[in-house]
Enquirer: 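Quick one: the structure is below, and I'll ask about it shortly.
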Amino acid sequence: MKKVLCIGELLIDFFTTHTEISIIEAKTFEKQAGGAPANVAATIAMLGGQAYFCGKVGNDAFGHFLKQTLEQAGVHTDQLIMDPSAPTTLAFVSRQKDGERDFIFNRGADELLCIEDLNLQQLMISDMYHFGSATALLSEPFSKTYEQLMQTMLMQDYFISFDPNYRADLWKHDTEQFIRKCEPFIEAANFIKMSDEELLLFARTDNFEQAIEWLTQLNDKTIAITQGASGTMVIQNRQITTVPAFPVNSVDTTGAGDAFVGAVLYQLSKYEDTNLSFNEWVTVIEFANRAASKVCEKVGAIESLSSLKELQ
Ligand SMILES: Nc1ncnc2c1ncn2[C@@H]1O[C@H](COP(=O)(O)OP(=O)(O)O)[C@@H](O)[C@H]1O
Ligand SMILES: O=C(O)C[C@@H](O)[C@H](O)C(=O)COP(=O)(O)O
């Protein structure tokens with residue numbers, strides 16, 4: 001089984017304890033471990049895969065809670081840096097009726113990850129690498145570190161996975177800057193997961209058909225467009241199909257996208273050769289839809305992964 005390293009943010013998600021309430025009005029919040037690439041690593045480990053995480057938290061109570069949560073999920077944390085000079089990053093999350101979420105990010109240690117913090121030799125022991133841009137590409141030094149790591153993995157011809165994870169409030173709606181930062185990752189990746197909204201952003205159109213046409217020109221990679229309860233569209237060269245979602249009673253979709261990516265990477269890590277045929281990809285996506293739907297049945301990202309054990 002291949003080793004998968006997920007690089008990016010590990011943070012505390014403080015969810016409003018009531019739904020359909022704004023962060024302004026909310027009085028109480030619930031603490032949960034989160035951070036998109038960390039959620040991916042936890043999913044892989046919970047499914048029985050070999051997951052590694054690389055990122056930075058503060059050497060404070062929140063940082064220790066996060067490290068412990070990842071380790072309990074079975075993720076290797078040798079490359080998780082605990083910085084005594086910065087607080088752990090916090091996100092405040094409110095959930096609306098339509099499943100949309102509002103975020104306020106208090107950035108801390110995660111954005112301070114430098115290449116000098118890392119033991120590159122140890123990082124290179126993995127075979128597959130997952131990048132997600134939610135906070136990583138936003139500011140230096142983390143964005144530089146991220147680009148350098150991606151280029152290093154690309155030169156070594158490792159398998160690269162990418163999830164753009166657009167957060168409008170973090171990027172202050174500067175979609176051009178977001179697209180520009182993501183483009184090298186889209187070019188380098190073997191597997192990309194995007195939501196349908198992100199697809200329209202990258203294809204620079206409001207027309208879904210035109211956006212799909214743009215996608216079919218990205219050769220030699222497999223792209224999954226997640227569409228919530230409508231399932232996932234999978235595209236490889238010019239082949240396209242939609243794999244239906246698993247119907248569930250969804251209470252919170254936070255982490256569904258990450259569980260989806262984690263489940264894809266877990267399945268891929270079991271193959272000797274990751275150059276799968278289109279039909280093999282469809283089977284992988286069916287499994288990932290099932291894993292993602294499980295996460296929708298509970299609140300939170302990593303906390304709702306316990307039900308994945310039955311899928312092992
Ligand atoms: N309400 C739902 N019912 C069943 N499955 C869902 C639901 N919402 C999401 N999923 C599953 O989770 C995957 C990712 O969800 P989505 O919300 O599209 O991603 P993201 O969290 O990245 O925005 C979907 O492709 C689907 O398989
Ligand atoms: O990393 C973030 O942006 C916040 C995460 O903590 C949160 O867990 C999340 O948004 C998960 O992403 P999703 O899978 O796209 O719901």
Side-chain angles (χ1 to χ4, degrees), residues 6-15 30-43 53 55 57 62 66 69-70 88-95 97-107 110-111 130-138 142 162-171 192-199 201 223-234 242-264 284-305 307-308:
C6 302
I7 312 163
E9 74 272 16
L10 170 61
L11 49 78
I12 304 281
D13 280 324
F14 277 108
F15 288 92
E30 186 183 322
K31 172 175 124 263
Q32 297 252 3
N39 300 338
V40 173
T43 303
F53 179 78
V57 291
F62 289 136
L66 291 169
T69 306
L70 278 192
T88 296
T89 297
L90 309 179
F92 293 84
V93 193
S94 72
R95 287 162 289 137
K97 199 176 181 181
D98 55 5
E100 288 300 308
R101 289 165 294 161
D102 283 332
F103 290 93
I104 292 182
F105 283 88
N106 279 24
R107 303 273 320 267
D110 86 283
E111 66 182 335
H130 174 67
F131 295 86
S133 81
T135 65
L137 291 177
L138 200 62
F142 198 9
F162 180 61
D163 177 352
N165 266 314
Y166 181 59
R167 300 277 178 263
D169 36 358
L170 266 184
W171 288 86
I192 304 166
K193 176 259 174 208
M194 308 182 181
S195 65
D196 38 11
E197 293 94 348
E198 287 162 345
L199 167 63
L201 275 186
I223 302 137
I225 308 296
T226 54
Q227 299 178 295
S230 304
T232 307
M233 188 176 274
V234 51
T242 295
V243 183
F246 262 72
V248 285
N249 178 21
S250 168
V251 294
D252 174 33
T253 61
T254 305
D258 303 329
F260 174 88
V261 175
V264 166
V284 167
I285 301 293
E286 274 165 4
F287 176 84
N289 277 356
R290 179 154 11 156
S293 72
K294 291 236 159 248
V295 168
C296 300
E297 292 177 311
K298 288 188 190 161
V299 176
I302 296 183
E303 199 132 315
S304 48
L305 295 177
S307 46
L308 292 183

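Nothing here was measured: the structure is a model prediction, and the numbers come from that model. Atoms within a ligand are numbered from 1 in the order they appear, just like the ligands themselves.
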Enquirer: For ligand 2, indicate whether the residue N165 contacts it via side chain, backbone, both or neither (heavy-atom separation under 4.0 Å).
Expert: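 Just the side chain.
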Enquirer: Below the 3.5 angstrom mark, is there an N/O of A36, backbone or side chain, next to an N/O of ligand 2?
Expert: yes
Enquirer: Which is it for A229 and ligand 1 at heavy atoms under 4.0 Å: side chain, backbone, both or neither?
Expert: both
Enquirer: Going by the atom numbers of ligand 2, which of them fall below 4.0 Å from some non-hydrogen atom of A301?
Expert: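 It comes down to these atoms of ligand 2: 8 (O).
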Enquirer: May I ask you to check if ligand 1 and S195 share an N or O to N or O distance below 3.5 Å?
Expert: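 Checking ligand 1 against S195, no N or O pair falls under 3.5 Å apart.
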Enquirer: Does any N or O atom in F103 lie less than 3.5 angstrom from one in ligand 2, N or O only?
Expert: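 In fact, backbone or side chain, F103 has no N or O that close.
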Enquirer: Has ligand 1 got any nitrogen or oxygen that is less than 3.5 angstrom from a nitrogen or oxygen of V248?
Expert: no
Enquirer: Starting from atom 10 (N) of ligand 1, what is the nearest protein heavy atom, named by residue and atom, and what distance separates them?
Expert: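 Here the closest protein heavy atom is G228 O, 3.7 Å.
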Enquirer: Could you list the atoms of ligand 2 found under 4.0 angstrom from a heavy atom of T254?
Expert: 7 (C), 8 (O), 9 (C), 16 (O)
Enquirer: Nearest non-hydrogen atom to atom 16 (O) of ligand 2 belongs to which of G257, G255, A259?
Expert: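 Looking at heavy atoms only, the winner is G255.
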Enquirer: How long is the span from the CG atom in D13 to the OG1 atom in T89, to the nearest 0.5 Å?
Expert: 11.0 Å
Enquirer: Does ligand 2 have a heavy atom under 4.0 Å from the side chain of F105, from its backbone, from both, or from neither?
Expert: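 Side chain only; the backbone of F105 stays clear of ligand 2.
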Enquirer: How are the rings of F14 and F62 set to each other: parallel, tilted or perpendicular (split at 30° and 60°)?
Expert: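 Ring orientation, 0 to 90° scale: perpendicular.
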Enquirer: Polar-atom distance check: K193 versus ligand 1, any N or O pair below 3.5 Å?
Expert: yes
Enquirer: Closer than 4.0 angstrom: is that true for some heavy atom of R101 and an atom of ligand 2?
Expert: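 Judged by the 4.0 Å heavy-atom criterion, R101 does count as contacting ligand 2.
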Enquirer: Provide, to 0.1 Å, the distance between atom 3 (O) of ligand 2 and the closest protein heavy atom, together with that atom's residue and name.
Expert: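 Of the protein heavy atoms, R167 NE, 2.8 Å lies nearest.
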Enquirer: Going by distance only, is there an N or O of N289 that falls short of 3.5 Å from an N or O of ligand 1?
Expert: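 So ligand 1 has an N or O lying under 3.5 Å from an N or O of N289.
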Enquirer: Only heavy atoms of G231, strictly under 4.0 Å: list the atoms of ligand 1 that pass.
Expert: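 Here the atoms of ligand 1 in question are 25 (O).
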Enquirer: With atoms numbered from 1 as shown, which atoms in ligand 2 lie under 4.0 angstrom from a non-hydrogen atom of A256?
Expert: 14 (O)
Enquirer: Heavy-atom distances under 4.0 Å are what count here, so tell me which part of Q227 touches ligand 1: side chain, backbone, both or neither.
Expert: backbone
Enquirer: If you have a sec, work out which protein heavy atom is nearest atom 4 (C) of ligand 2 and how many Å separate them, to one decimal?
Expert: D13 OD1, 3.9 Å
Enquirer: Name the closest protein heavy atom to atom 11 (C) of ligand 1, giving the residue it belongs to and the distance to 0.1 Å.
Expert: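 Nearest neighbour among protein heavy atoms for atom 11 (C) of ligand 1, to 0.1 Å: A292 CB, 3.6 Å.
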